[in-house]
Amino acid sequence: MTDDLVSIITSIYNSGKFIRRTIESVLRQTYGNWEMIITDDCSSDDGPQIVESYAAKDSRIKFLRLSENGGPGIARNNSLLNASGRFVAFLDSDDYWMPDKLEKQLALMKEKDCGVVYSSYLTCDSNNQVKGLVNCKRMVTYRRMVCDNAIGFLTMMYDRSKTGDMLLPTIRKRQDWGFNIQLLEKCGVAYGLPEPLAIYKIRPSSVSRGKFSLVKYNLAIYRDVVGFSRAGSVLMFTFVFMPLYCGKKIWNFFSTLRFKPSEVNA
């Protein structure tokens, strides 16, 4: 583990249309002590060739390939197993960061002497037009994280010297929420910056789209990660997760009404 080095974990799967902008957002970071470890999950497009061209120019970009498709969790774990940094951040192949994302979050981590930080983020469409704002809470506890995923994974960064080495749950979807739960089980609390420091792309083919299809994975997180019984998982999902999830969507809707996308240089 190398002190002050940030390992950026990225997986790609047929991401040729978007991966250039993702990598460019990392190259523009005001904090330069990073490595970007990109694992290809058996793409059939030109995404791997694009990544290889960047890796040939900048040694901080490392490119790995899986022998068979395993989903984003498996690909992220492959990158994690090859990470050298004390700090770890995640960036999906169609999302991107503001230039001062790493710098500001490292400063917050030092100020709070904490193991996990995160921020608010913007949403955009497939044409990179900013559409909305997702406000974060200033602080999230383990108990709150169990109730609902309150941290945008593309904004989260953690300190391995405080959490130890960790891998994502092997469940095919919602493994980001499961990982956040495991992190806060160790750290107890995470701190957020209200400033949006990342941009999340909403597109129909995204793995995280189709919320109703994710119900079984939400229940699996409660059973396999938190340790609830089947009945307890259903009750938790129905009477805690869903009300909080709906409330969060309503809050973000009104936040977006007050937000002016034209003011953002995305």
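Worth knowing before you read on, the calculation uses all heavy atoms, side chains too, and leaves out hydrogens, waters and symmetry mates.
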State which residues pass side chain to side chain contact (heavy atoms under 4.5 Å, CB included) with [X]; sequence neighbours excluded, sorted by chain then number.
X	value
Thr2	Leu5, Ser84
Lys112	Leu108, Cys114, Tyr191
Gln129	Asp125, Asn127, Lys131

>> With a sphere of 6.0 Å drawn around NZ of Lys110, does it hold more than 12 non-hydrogen atoms of other residues, nucleotides or ligands?
In response: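 No - once you tally the heavy atoms of other residues, nucleotides and ligands closer than 6.0 Å, there are 12 at most.
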> Taking atom CD of Gln49 as the centre, does the number of heavy atoms from other residues, nucleotides or ligands within less than 6.0 Å exceed 12?
Replying inline: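 Counting neighbours around CD of Gln49, more than 12 heavy atoms of other residues, nucleotides or ligands fall under 6.0 Å, so yes.
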Under the 3.5 angstrom rule, does the side chain of [X] hit a backbone N or O of [Y] as a donor-acceptor pair?
X	Y	result
Ser7	Glu35	no
Glu185	Ile181	no
Thr10	Leu91	yes
Asn78	Ile74	no
Ser79	Ile37	yes
Asn33	Val6	no
Ser120	Pro194	yes

Taking only residues two or more places apart in sequence, or in another chain, which ones meet [X] in a salt bridge (Lys or Arg N to Asp or Glu O under 4.0 Å)?
X	result
Lys248	Asp148
Asp40	Arg65
Asp92	Arg76

Which heavy atom of [X] sits nearest a heavy atom of [Y], and at what distance?
X	Y	value
Ala75	Ser11	CB-CB, 3.4 Å
Val189	Leu184	C-CD2, 3.8 Å
Met145	Asn180	SD-CB, 3.8 Å
Gln29	Leu102	OE1-N, 3.1 Å

Please set out all donor-acceptor pairs under 3.5 angstrom arising from side-chain atoms of residues 152-168, sequence neighbours excluded.
residue	atom	partner	partner atom	Å
Thr155	OG1	Ser119	N	3.2
Thr155	OG1	Ser119	O	3.3
Thr155	OG1	Gly152	O	2.7
Asp159	OD1	Arg86	NE	3.0
Asp159	OD1	Ser161	N	2.9
Asp159	OD1	Ser161	OG	2.6
Asp159	OD2	Arg86	NE	3.2
Asp159	OD2	Arg86	NH2	2.9
Asp159	OD2	Ser161	OG	3.1
Arg160	NE	Gly85	O	2.9
Arg160	NH1	Asp165	OD1	2.8
Arg160	NH2	Ala83	O	3.4
Arg160	NH2	Gly85	O	2.8
Ser161	OG	Arg86	NE	3.3
Lys162	NZ	Asp113	OD1	3.2
Thr163	OG1	Asp159	O	3.4

>> If the condition is ring pair (Phe, Tyr, Trp, His ring centres under 6.0 Å), which residues does Tyr13 pass it with, not counting sequence neighbours?
In response: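 With neighbours one apart ignored, the set is empty.
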Under 3.5 Å donor-acceptor pairs involving side-chain atoms of residues 51-58, not counting sequence neighbours:
residue	atom	partner	partner atom	Å
Ser53	OG	Ile50	O	2.5
Tyr54	OH	Glu24	OE2	2.8
Asp58	OD1	Arg60	N	2.9
Asp58	OD1	Arg60	NE	3.1
Asp58	OD2	Arg60	NE	3.4
Asp58	OD2	Arg60	NH2	2.8

> Going by side-chain heavy atoms closer than 4.5 Å, which hydrophobic residues are tied to Phe18, directly or by a chain of links?
Replying inline: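 When side chains under 4.5 Å apart are linked, Phe18 ends up in no cluster with other residues.
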> Can you name the one residue among Phe241, Tyr217, Tyr245 that meets ring pair (Phe, Tyr, Trp, His ring centres under 6.0 Å) with Trp177?
Replying inline: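 Filter result, single survivor: Phe241.
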> Would you call Phe63 and Ile12 a side-chain contact if the rule is heavy atoms closer than 4.5 Å?
Replying inline: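 Result yes, sub-4.5 Å side-chain heavy-atom pair found.
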>> Per the side chain to side chain donor-acceptor pair (under 3.5 Å) rule, what does the pair list look like for residues 219-233, sequence neighbours excluded?
In response: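 For residues 219-233, and leaving out neighbouring residues, there are no side chain to side chain donor-acceptor pair (under 3.5 Å) pairs at all.
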When clusters are formed by joining ILVMFWY residues with side-chain heavy atoms under 4.5 Å apart, either directly or through shared neighbours, do [X] and [Y] land in the same one?
X	Y	value
Ile38	Leu81	no
Tyr118	Leu244	yes
Tyr200	Leu197	no

Please table the atom pairs, donor to acceptor, closer than 3.5 Å between any side-chain atom in residues 132-143 and protein atoms at least two apart or in another chain.
residue	atom	partner	partner atom	Å
Asn135	ND2	Ser255	OG	3.0
Thr141	OG1	Arg144	N	3.2

> Is there a donor in the side chain of Ser44 and an acceptor in the side chain of Asn14, or the other way round, less than 3.5 Å apart?
Replying inline: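 On atom types as modelled, these side chains qualify, holding a pair under 3.5 Å.
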